[in-house]
Amino acid sequence: MQTKTHKQLFACFLAVLLIVFAALPAEAKTAEIRSPVYTALGDSIASGYKLNQSNNGYVGLFGSYLSAQTTNLARVGLDSAGLLKLLNSDQATVDQVKKSDIITISIGGNDLLPIFSALQPTSPTSLVAAVQAINGNAMQQKFQNAVTHFGQNWDKIIAQIKKLAPTRRSSPPH
C-alpha cells in the first residue's frame with residue numbers, strides 16, 4: 001500500500017515538473033551558458049601600447065580572468081571627442097557595444113596631453129620656464145578648458161553606451 005502511495009507521489013511530482021518545464025519560454029529551455037562579451041574602448045593605455053603582442057595589457061588579463069570573448073577597440077592617440085565620434089558613427093564600434101556584456105573605458109589622457117607636451121623641458125633653463133608656465137593663469141585656463149571639455153564628452157560617451165546597450169547594463173559606470 002505504501003509503495004503505491006510513493007509511486008503516485010512520484011508520478012505527481014513528475015507531472016508538475018513537466019508542466020513547469022513546458023511553461024518556460026523557449027529561450028530558457030535552450031539557453032546555453034556562454035562566455036561574456038567584453039569590449040575595451042579607449043586610448044593607448046587600453047590598447048596595450050608598447051607591450052608585446054602576446055599580452056595587450058590589462059584588457060587581455062581582464063578578459064582572460066573573465067573567460068570572456070574579448071574585443072579591444074582602443075586606439076593609440078584617441079581622445080574623448082574621438083571616442084564619442086566612434087560611438088556615434090563607426091558601425092563596427094556600435095555593433096560591438098550593442099552585444100557587449102562588459103565594457104571598460106580608458107580615455108582622457110590625450111585630452112590633456114597637448115597642454116603638457118608643450119612644456120617638455122630640454123634644459124635646466126627651460127625646466128624653470130615650464131614650471132612657471134604651469135603656475136601661470138594661461139596654463140591653468142587651458143587645463144580647466146580641457147577638463148571641462150572632457151567632462152562634457154564623458155557624459156555623452158556614457159549616455160551613448162547606455163543608449164546602445166540599455167538592457168546589458170546592470171550597474172552605473174562609476
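Residues: numbered from 1 along the sequence shown.
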Between [X] and [Y], what is the shortest heavy-atom contact and its length?
{"X": "A74", "Y": "N72", "answer": "N-OD1, 3.0 Å"}
{"X": "S106", "Y": "I45", "answer": "OG-CB, 3.5 Å"}
{"X": "A146", "Y": "I115", "answer": "CB-CD1, 3.5 Å"}
{"X": "F150", "Y": "G108", "answer": "CE1-CA, 3.7 Å"}
{"X": "L78", "Y": "D43", "answer": "O-CB, 3.4 Å"}
{"X": "T93", "Y": "L86", "answer": "CB-O, 3.8 Å"}

Problem set entry | L41 vs I107, side-chain contact (heavy atoms from CB on, under 4.5 Å): CA-CA, chis, key distance, verdict | CA-CA 8 Å; L41 302 172; I107 200 75; over 6 Å; no

Problem set entry | Donor-acceptor contact present, side-chain D79 to main-chain N110, <3.5 Å | no

Exercise. Is it true that a side-chain atom of D101 and a backbone atom of P36 form a donor plus acceptor pair closer than 3.5 Å?
Worked result: no

Roughly how far apart are [X] [atom1] and [Y] [atom2], rounded to 0.5 Å?
{"X": "L84", "Y": "Q160", "atom1": "CG", "atom2": "CD", "result": "7.5 Å"}
{"X": "T39", "Y": "I105", "atom1": "OG1", "atom2": "CD1", "result": "10.5 Å"}
{"X": "Q96", "Y": "L164", "atom1": "CD", "atom2": "CG", "result": "11.5 Å"}

For this session: Indicate whether the side chain of H149 and that of N145 have a donor and an acceptor atom separated by less than 3.5 Å.
Result: no

Exercise. Under the side chain to side chain donor-acceptor pair (under 3.5 Å) test, which residues partner T148, sequence neighbours left out?
Worked result: Q144

Between side-chain atoms of residues 60-68 and protein atoms elsewhere (two or more places apart, or another chain), which donor-acceptor pairs fall under 3.5 Å?
from: S64; atom 1: OG; to: G60; atom 2: O; distance (Å): 3.0

For this session: Group every Ile, Leu, Val, Met, Phe, Trp and Tyr by side-chain heavy-atom contacts under 4.5 Å, then state whether V37 and I161 land in the same group.
Result: no

